[in-house]
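Scroll down for the structure; my scribbles are underneath it.
All values derive from a computational prediction rather than experimental measurement. Throughout, protein chains are lettered first and strands after them, A, B, ... in sequence-line order, and every chain is numbered starting at 1.
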There are 2 protein chains.
Amino acid sequence: MINSRLAVSVHILALIATHPGQALSSEYIAGSVNTNPVVIRRLTGLLRQAGLLQTVAGKTGATLTKDPAAITLLMVYRAVEPKETLFSMHDRPNPACPVGRNIQSTLDDTFVRAQQALEAELEVETLSDVIHRLASAR
Amino acid sequence: MINSRLAVSVHILALIATHPGQALSSEYIAGSVNTNPVVIRRLTGLLRQAGLLQTVAGKTGATLTKDPAAITLLMVYRAVEPKETLFSMHDRPNPACPVGRNIQSTLDDTFVRAQQALEAELEVETLSDVIHRLASAR
DNA sequence: TTACATGTAATTAGTTTAGTTACAGAAATT
DNA sequence: AATTTCTGTAACTAAACTAATTACATGTAA
């Protein structure tokens, strides 16, 4: 199961995008997400490193550096997900066995395709899409 | 990161399929996978429950109940993966906040689509495909 | 200068994963 | 029939990961 960092990060970005001109503190955001402010600051740190938002240490608030329509969920996912590969493989299968010797490279093909299919879906969805769906659900 | 159970399970099934008529013990399979025999027996138990293979308690070996071309990697994945949903969500976002109130249902749409895209890739690949690629890599 | 914010390191509790030990029960071997 | 060997499964352990939390250095603003 993939961690909840993508979900929380989208929540954070959606809050910022829907409150233009308002400086939202990590504590305020944490109240909406229902978590600890430090969790929010850790994620905004990663989002800042990825160039998705800007903050000033000591100053309340964060601002998006791109238009919500230009921020894909894949960008957010990549920003906060430390692991590059989605599927794990068992290590050191027996090289003396024809199956063990080639299973990793063989499975890797499949796993890469599956991961790319997932990422392609995250890439076609933008923060703007999320915000519109949030609004229509209201 | 998704656990390595799919990788190990495909390894197990590929071994069985490529050794027709030979009764492979969990210890032999464990030697090829490079793990403990109990890990193999646990997975074969799940694969048996899913109807992918048959075993007899006390008797060495396992046999596939379907043609390798009829076993998709999605079947294997579903057999050994306990979690239905791939992405985690933070729980109890603030219902008093318009974003918090609707973020879960909104993100769920995206997450379901992404997961389905991944599963679709696993569905088009069969054990037979894996075995052929194993053979051509040799 | 005081109050309050962010950034970040360190610690903790809970969960998950894989590996391991142990053993009951079934099958095969002698 | 007794012994050996296998599978099935429960129970325990160590390692890794996640999120929550505490603590505090540092920056901003009133």
Side-chain angles (χ1 to χ4, degrees), chain A residues 1-9 11-12 15-16 22-50 52-63 77 79-93, chain B residues 1-9 11-12 15-16 22-50 52-63 77 79-93:
Chain A
M1 199 141 166
I2 297 172
N3 59 51
S4 65
R5 287 198 280 271
L6 174 57
V8 173
S9 298
H11 190 149
I12 293 170
L15 277 174
I16 296 171
Q22 299 176 49
L24 306 182
S25 68
S26 62
E27 186 163 0
Y28 175 87
I29 297 174
S32 174
V33 170
N34 182 35
T35 185
N36 191 290
V38 175
V39 172
I40 303 302
R41 295 203 290 270
R42 257 200 302 253
L43 289 173
T44 55
L46 292 171
L47 297 170
R48 177 168 36 74
Q49 282 176 41
L52 300 180
L53 53 76
Q54 283 183 323
T55 58
V56 178
K59 194 171 176 181
T60 305
T63 56
Y77 177 70
V80 299
E81 178 52 58
K83 294 289 169 44
E84 293 219 341
T85 61
L86 195 53
F87 289 93
S88 299
M89 205 99 83
H90 51 300
D91 58 67
R92 270 175 277 112
Chain B
M1 200 139 166
I2 296 172
N3 58 52
S4 65
R5 287 198 281 270
L6 174 57
V8 174
S9 297
H11 190 149
I12 293 171
L15 277 174
I16 295 171
Q22 299 175 48
L24 307 182
S25 68
S26 62
E27 187 163 357
Y28 174 87
I29 297 173
S32 174
V33 171
N34 182 34
T35 184
N36 191 290
V38 176
V39 172
I40 303 301
R41 296 204 290 271
R42 258 200 302 252
L43 289 173
T44 56
L46 292 171
L47 297 171
R48 176 167 36 74
Q49 283 175 40
L52 299 181
L53 52 76
Q54 284 183 323
T55 59
V56 177
K59 193 171 176 180
T60 305
T63 56
Y77 177 70
V80 300
E81 177 52 57
K83 295 286 169 46
E84 293 218 340
T85 61
L86 194 56
F87 290 93
S88 299
M89 205 100 82
H90 50 301
D91 57 67
R92 269 176 279 112

To the nearest angstrom, the CG-C1' distance between Leu43(A) and dA20(D) comes to 12 Å
Would you say the side chain of Asn3(B) lies within less than 4.5 Å of the side chain of Val80(B), judging by non-hydrogen atoms? no
d(Leu43(A) CG, Arg48(A) CZ) to nearest 0.5 Å is 12.0 Å
When rounded to whole Å, the CD to C1' distance for the pair Gln54(B) and dC6(D) reads 18 Å
Min and max contacting nt of DNA chain C in 5' to 3' order, chain A heavy atoms within under 4.0 angstrom, are dA5(C) to dA10(C)
Quick check on dG8(D): is either OP1 or OP2 less than 4.0 Å from any side-chain nitrogen or oxygen of Thr55(B)?
yes
CD (Gln54(B)) and OG1 (Thr44(B)) are apart, to the nearest 0.5 Å, by 13.0 Å
Can you tabulate the close N/O pairs, meaning under 3.5 Å, that link protein atoms to atoms of nucleotides 9-11 of chain D?
{"from": "dA11(D)", "atom 1": "N6", "to": "Arg42(B)", "atom 2": "NH1", "distance (Å)": "3.3"}

Between CG of Leu46(B) and P of dG8(D) the distance, given in whole Å, is 11 Å
TODO: Please state whether the phosphate of dT5(D), meaning OP1 or OP2, lies under 4.0 angstrom from any side-chain nitrogen or oxygen of Lys59(B).
DONE: no
**Message:** Surrounding CD of Gln22(A) (heavy atoms of other residues, nucleotides or ligands, distance under 6.0 Å), is the total greater than 12?
**Reply:** yes
Rounding to 0.5 Å, atoms CD1 (Ile29(A)) and OG1 (Thr35(A)) come to a distance of 12.0 Å
Side chain to side chain donor-acceptor pair (under 3.5 Å) pairs touching residues 82-91 of chain A, sequence neighbours excluded, are His90(A)-His11(B)
Report yes if at least one side-chain N or O of Ser4(A) is closer than 4.0 Å to OP1 or OP2 of dA19(D); otherwise report no.
yes
In whole angstroms, the gap separating P of dC6(D) from CG of Leu24(B) amounts to 13 Å
Hits for side chain to side chain donor-acceptor pair (under 3.5 Å) against Ser26(A), two or more places apart or cross-chain, chain-then-number order -> Arg41(A)
Arg5(A) CZ to dC17(D) P, in whole Å, measures 10 Å
In this structure, CD1 of Ile2(B) is separated from CE of Met89(A) (nearest 0.5 Å) by 12.5 Å
So CG of Asn36(A) and CD of Glu27(A): to nearest 0.5 Å the spacing works out to 9.5 Å
Here the residues of residues 27-37 of chain A within 4.0 Å heavy-atom distance, strictly under, of DNA chain C are none
Contacts of Thr60(A) meeting side chain to side chain donor-acceptor pair (under 3.5 Å) (sequence neighbours excluded), chain-then-number -> none
Interatomic distance, CG@Leu46(A) vs OG@Ser9(A), rounded to 0.5 Å, equals 7.5 Å
Rounded to whole Å, the CD-C1' distance (Glu81(A) to dT18(D)) equals 11 Å
